Every structure is written in structure tokens, then in C-alpha cells.
K.L.:
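Before we start, here is the structure in question, set down as C-alpha cells.
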Amino acid sequence: MLTLGLTGRIYVCVEPQDGRKSFDGLAAAVTAHLGRDPLSGDLYVFRNRKGDRLKVLAWQGDGFALYLRRLEKGTFAFPAAEAAEVSVTATELAMILGGIELGSAKRRPRYAHPTPE
């Protein structure tokens with residue numbers, strides 16, 4: 001099983017990116033479009049215009065890792081948002097990869113640690 005070495009948050013870029021972009025192009029998109037630091041340890045998820053390819057950019061302490069997923073049939077269902085990116089959980093990312101539309105999934109109540117004010 002492939003693990004992404006998640007040390008931070010997961011951000012899904014809502015706008016499609018050029019599928020030819022690689023490490024440097026996607027890192028530049030993180031900085032320019034999302035206003036975030038690509039070296040932060042967060043995962044950044046991008047899709048192409050057709051929606052049949054997905055790339056995950058991850059900083060792993062000493063270099064970038066780039067994961068590509070291509071569908072033979074169908075498209076990935078990305079969440080809709082007003083902002084340039086959406087923060088998702090690892091479970092929600094697994095649902096996107098598995099072909100489940102997040103808007104149609106029903107979230108059951110779970111404990112959440114209260115945040116100090």
C-alpha cells in the first residue's frame with residue numbers, strides 16, 4: 001500500500017491545472033494560486049481540465065514527491081468551493097480517489113476536540 005507520509009493538511013486545488021506541469025510548475029501553482037508554502041509538509045491535490053487525472057504534490061523533507069492517478073473511464077469528483085482550495089481530510093481524499101462524490105456523502109457525528117478560544 002502506498003502511503004503519502006502525511007505530516008500536515010491536505011489541500012485540493014479547485015481550479016484545474018495544466019496536466020503537463022511537474023514538480024516546479026505545481027509548486028509555483030501552490031505559491032501563486034493558493035498562497036501557501038509548498039515546503040510546509042502539506043499535500044496539494046490537483047486535477048487536469050478533463051478531470052480524469054489527479055496529481056498529488058508532497059514535500060518529504062529533502063525533496064518533492066509527485067503522485068499521478070489516471071482513470072481509464074470516468075472523472076474525479078472534486079468539491080466545489082468559492083475559494084481557490086478546499087481543505088480535506090485523509091478520508092475525504094480516499095473518497096475522491098475512490099470515485100465517491102463528497103457532496104452526496106453523509107457525515108455522521110464524531111467527537112471533535114474543542115479548540116481553545
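In this text, all values refer to a predicted model and were calculated from it rather than measured experimentally.
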K.L.:
Which side chain to side chain donor-acceptor pair (under 3.5 Å) pairs, counting each pair once, include a residue from residues 22-32, with sequence neighbours left out?
P.N.:
none
K.L.:
Hey, could you give me each pair passing salt bridge (Lys or Arg N to Asp or Glu O under 4.0 Å) that has a residue in residues 69-80? Not counting sequence neighbours.
P.N.:
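Non-adjacent pairs meeting salt bridge (Lys or Arg N to Asp or Glu O under 4.0 Å): Arg70-Glu72.
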K.L.:
For Leu26 and Leu66, run side-chain contact (heavy atoms from CB on, under 4.5 Å): C-alpha distance rounded to whole Å, both residues' side-chain angles, the deciding distance at 0.1 Å, then the answer.
P.N.:
CA-CA 9 Å; Leu26 292 175; Leu66 185 62; 3.5 Å; yes
K.L.:
Might you work through the side-chain contact (heavy atoms from CB on, under 4.5 Å) test for Val12 and Phe46, ending with a clear yes or no?
P.N.:
CA-CA 6 Å; Val12 174; Phe46 303 92; over 6 Å; no
K.L.:
Taking side-chain contact (heavy atoms from CB on, under 4.5 Å) as the definition, give me every residue that meets it alongside Ala94, ordered by chain and number, with sequence neighbours left out.
P.N.:
none
K.L.:
So, using salt bridge (Lys or Arg N to Asp or Glu O under 4.0 Å) as the criterion, who are the partners of Asp37 when residues are at least two apart?
P.N.:
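Applying salt bridge (Lys or Arg N to Asp or Glu O under 4.0 Å) to Asp37 gives none.
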K.L.:
Can you give me the closest heavy-atom contact between Pro114 and Tyr111, atom names plus distance?
P.N.:
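Smallest heavy-atom distance, with atoms named: CD-OH, 3.6 Å.
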K.L.:
What residues, two or more places apart in sequence or in another chain, satisfy ring pair (Phe, Tyr, Trp, His ring centres under 6.0 Å) together with Tyr44?
P.N.:
Tyr11
K.L.:
Kindly compute the distance separating CG (Leu57) from CG (Leu43), expressed to the nearest 0.5 Å.
P.N.:
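So the gap between those two atoms works out to 8.5 Å.
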K.L.:
Quick one: closest heavy-atom pair of Ala27 and Pro38, and the distance?
P.N.:
O-CG, 3.8 Å
K.L.:
Just to verify, which of Ile96, Leu93, Leu97 counts as forming a side chain to side chain contact (heavy atoms under 4.5 Å, CB included) with Val45?
P.N.:
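So the option named by the test is Leu93.
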K.L.:
Who pairs with Phe23 by ring pair (Phe, Tyr, Trp, His ring centres under 6.0 Å), at least two apart in sequence or on another chain?
P.N.:
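Scan of Phe23 (ring pair (Phe, Tyr, Trp, His ring centres under 6.0 Å), adjacent residues dropped) gives none.
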K.L.:
Once side-chain hydrogen bond (donor to acceptor under 3.5 Å, both in side chains) is applied, do any residues pair with Lys21, and if so which ones, sequence neighbours excluded?
P.N.:
Gln17
K.L.:
For the residue pair Cys13 and Leu34, what are the closest heavy atoms and their distance?
P.N.:
SG-CD2, 4.0 Å
K.L.:
In a table with atom names and distances, give each donor-acceptor pair under 3.5 Å that connects a side chain of residues 74-86 to protein atoms at least two apart or in another chain.
P.N.:
from: Glu85; atom 1: OE2; to: Arg36; atom 2: NH2; distance (Å): 3.0

K.L.:
Working to the nearest 0.5 Å, report the span between CG of Asp42 and CD1 of Ile10.
P.N.:
9.0 Å
K.L.:
Taking side-chain hydrogen bond (donor to acceptor under 3.5 Å, both in side chains) as the test, write out the residues that go with Asp18, two or more places apart.
P.N.:
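Asp18: side-chain hydrogen bond (donor to acceptor under 3.5 Å, both in side chains) contacts with Arg20.
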